[in-house]
Amino acid sequence: MPRLQLLDDLARCIDSGGGHFETRTLCEVSCQGQFLPVQAIMVGNPDLRVPAVGFFGGVHGLERIGAGVVLAFLQNLAGRLRWDTTLNALLESVRIVFMPMVNPGGILAGTRANPNGVDLMRNAPVDSRERVPWLIGGQRLSPRLPWFRGGLDQPMEAESRAVWEVV
């Protein structure tokens with residue numbers, strides 16, 4: 001059974017944060033006989049009134065570079081937390097949120113969509129008021145066609161709900 005190396009790298013990164021990170025598993029998705037966590041990692045002031053910035057990667061499973069960039073930034077931050085007093089002072093007044101792998105099932109399967117065939121970038125509970133290009137703006141015809149938004153009147157996919165919850 002193939003193992004998702006990015007999950008192992010993320011776990012090591014979280015451990016190297018030395019307790020500075022708050023980690024939440026928002027949901028799990030099933031892919032190729034495995035249950036893969038969709039995780040959010042937070043650092044900084046937990047007060048919801050402080051400014052926050054979020055870094056999200058791995059929305060499209062084929063585009064692994066986004067997950068790699070977010071993970072590299074998180075690894076850099078983990079290393080600096082041990083010695084960088086300026087960074088620690090800054091984190092008293094801001095919050096940083098990371099979701100390096102929004103779509104771990106798509107990453108494992110090497111597909112743009114999640115394991116349900118839904119393009120998470122187009123999976124929203126509302127339709128655009130403006131005219132959007134056919135198919136590219138998302139379609140509800142079939143998961144066999146690109147840019148499938150999910151079924152009409154279906155709830156958002158678990159991964160999309162996880163992003164919504166964090167934001």
With rounding to the nearest 0.5 Å, note down the distance linking CZ in R122 to CH2 in W147.
-> 7.0 Å
Least distance between heavy atoms, T86 atom then D84 atom | N-OD1, 3.1 Å
Test side chain to side chain contact (heavy atoms under 4.5 Å, CB included) on S93 and N45 and set out the steps.
-> CA-CA 6 Å; S93 59; N45 190 329; 5.8 Å; no
Compare every heavy atom of G106 with every heavy atom of P115, then report the nearest pair and how far apart it is.
-> CD-N, 4.2 Å
By salt bridge (charged side-chain N to carboxylate O under 4.0 Å, His left out), which residues pair with R64, not counting sequence neighbours?
-> none
Do you reckon V43 sits in the same ILVMFWY cluster as L87, going by side-chain contacts under 4.5 Å, direct or chained?
-> yes
Linking I/L/V/M/F/W/Y whenever their side-chain heavy atoms sit closer than 4.5 Å, directly or via other members, would L74 and V94 fall into one cluster?
-> yes
Can you check side chain to side chain contact (heavy atoms under 4.5 Å, CB included) on V59 and N103, steps first, answer last?
-> CA-CA 5 Å; V59 176; N103 184 7; 5.6 Å; no
In terms of hydrophobic clustering (I, L, V, M, F, W, Y; side-chain heavy atoms under 4.5 Å; direct or indirect links), are V167 and W164 co-clustered?
-> no
Mind checking whether L6 and V69 sit in one hydrophobic cluster, side chains of I, L, V, M, F, W, Y counted as touching below 4.5 Å?
-> no
Enter the distance from L4:CG to Q34:CD here, rounded to the nearest 0.5 Å.
-> 7.5 Å
Joint hydrophobic cluster, F21 plus V53, side-chain heavy atoms closer than 4.5 Å | yes
Which residues satisfy the side chain to side chain contact (heavy atoms under 4.5 Å, CB included) test with I14, sequence neighbours excluded?
-> L10, T23, I41
Residues passing the salt bridge (charged side-chain N to carboxylate O under 4.0 Å, His left out) test with E165, sequence neighbours excluded, are none
What is the distance from atom CG of L77 to atom CG of L91, rounded to the nearest 0.5 Å?
-> 6.5 Å
Is it true that a side-chain atom of Q75 and a backbone atom of A78 form a donor plus acceptor pair closer than 3.5 Å?
-> no
Output the distance between atom OG1 (T85) and atom CG (L90), rounded to the nearest 0.5 Å.
-> 11.5 Å
Might you point out which heavy atoms bring V70 and P100 nearest each other, and give the distance in Å?
-> CG1-CA, 3.7 Å
Residues P143 and N116: closest non-hydrogen pair is CB-O, 4.2 Å
Partners meeting ring pair (Phe, Tyr, Trp, His ring centres under 6.0 Å) with F98 (sequence neighbours left out) | F55, F73
Contacts under 3.5 angstrom, residues 128-138 side chains, donor-acceptor by atom type, not counting sequence neighbours:
from	atom 1	to	atom 2	distance (Å)
S128	OG	E130	N	3.1
S128	OG	E130	O	3.0

Option from M99, M101, R161, E28 for which side-chain contact (heavy atoms from CB on, under 4.5 Å) with V38 holds = M99
Worked verdict on N88 versus E92 for side-chain hydrogen bond (donor to acceptor under 3.5 Å, both in side chains) | CA-CA 7 Å; N88 282 285; E92 291 176 15; over 6 Å; no
Could you check if a side-chain atom of R112 sits within less than 4.5 angstrom of a side-chain atom of E63, using non-hydrogen atoms only?
-> yes
Say you draw a straight line from CZ of R140 to CZ of R149; how long is it, rounded to the nearest 0.5 Å?
-> 4.0 Å
Could I get the full list of side chain to side chain contact (heavy atoms under 4.5 Å, CB included) partners for E22, not counting sequence neighbours?
-> R24, M42, R95
For E157 and N123, run side-chain hydrogen bond (donor to acceptor under 3.5 Å, both in side chains): C-alpha distance rounded to whole Å, both residues' side-chain angles, the deciding distance at 0.1 Å, then the answer.
-> CA-CA 7 Å; E157 294 293 301; N123 182 232; 5.0 Å; no
Do you know which two heavy atoms are closest between L120 and S160, and how far apart they sit?
-> CD2-OG, 3.5 Å
Between CG of N114 and SG of C31, what distance do you get to the nearest 0.5 Å?
-> 9.0 Å
Candidate pair D9 and R12, rule salt bridge (Lys or Arg N to Asp or Glu O under 4.0 Å), full reasoning | CA-CA 5 Å; D9 296 343; R12 277 192 297 281; 2.4 Å; yes
Count the heavy atoms belonging to other residues, nucleotides or ligands that lie under 6.0 Å from CG of L48, then report whether that count exceeds 12.
-> no
Let me see the working for F148 and D119 under side chain to side chain contact (heavy atoms under 4.5 Å, CB included), right down to the final yes or no.
-> CA-CA 6 Å; F148 182 59; D119 185 331; 5.6 Å; no
Q32 and A109 have their tightest heavy-atom pair at NE2-CA, 3.6 Å
Please answer whether the main-chain N or O of L141 pairs with a side-chain N or O of Q139 as donor and acceptor at a distance below 3.5 Å.
-> yes
Show your working on side chain to side chain contact (heavy atoms under 4.5 Å, CB included) between I107 and L62 and close with a plain yes or no.
-> CA-CA 6 Å; I107 293 172; L62 290 174; over 6 Å; no
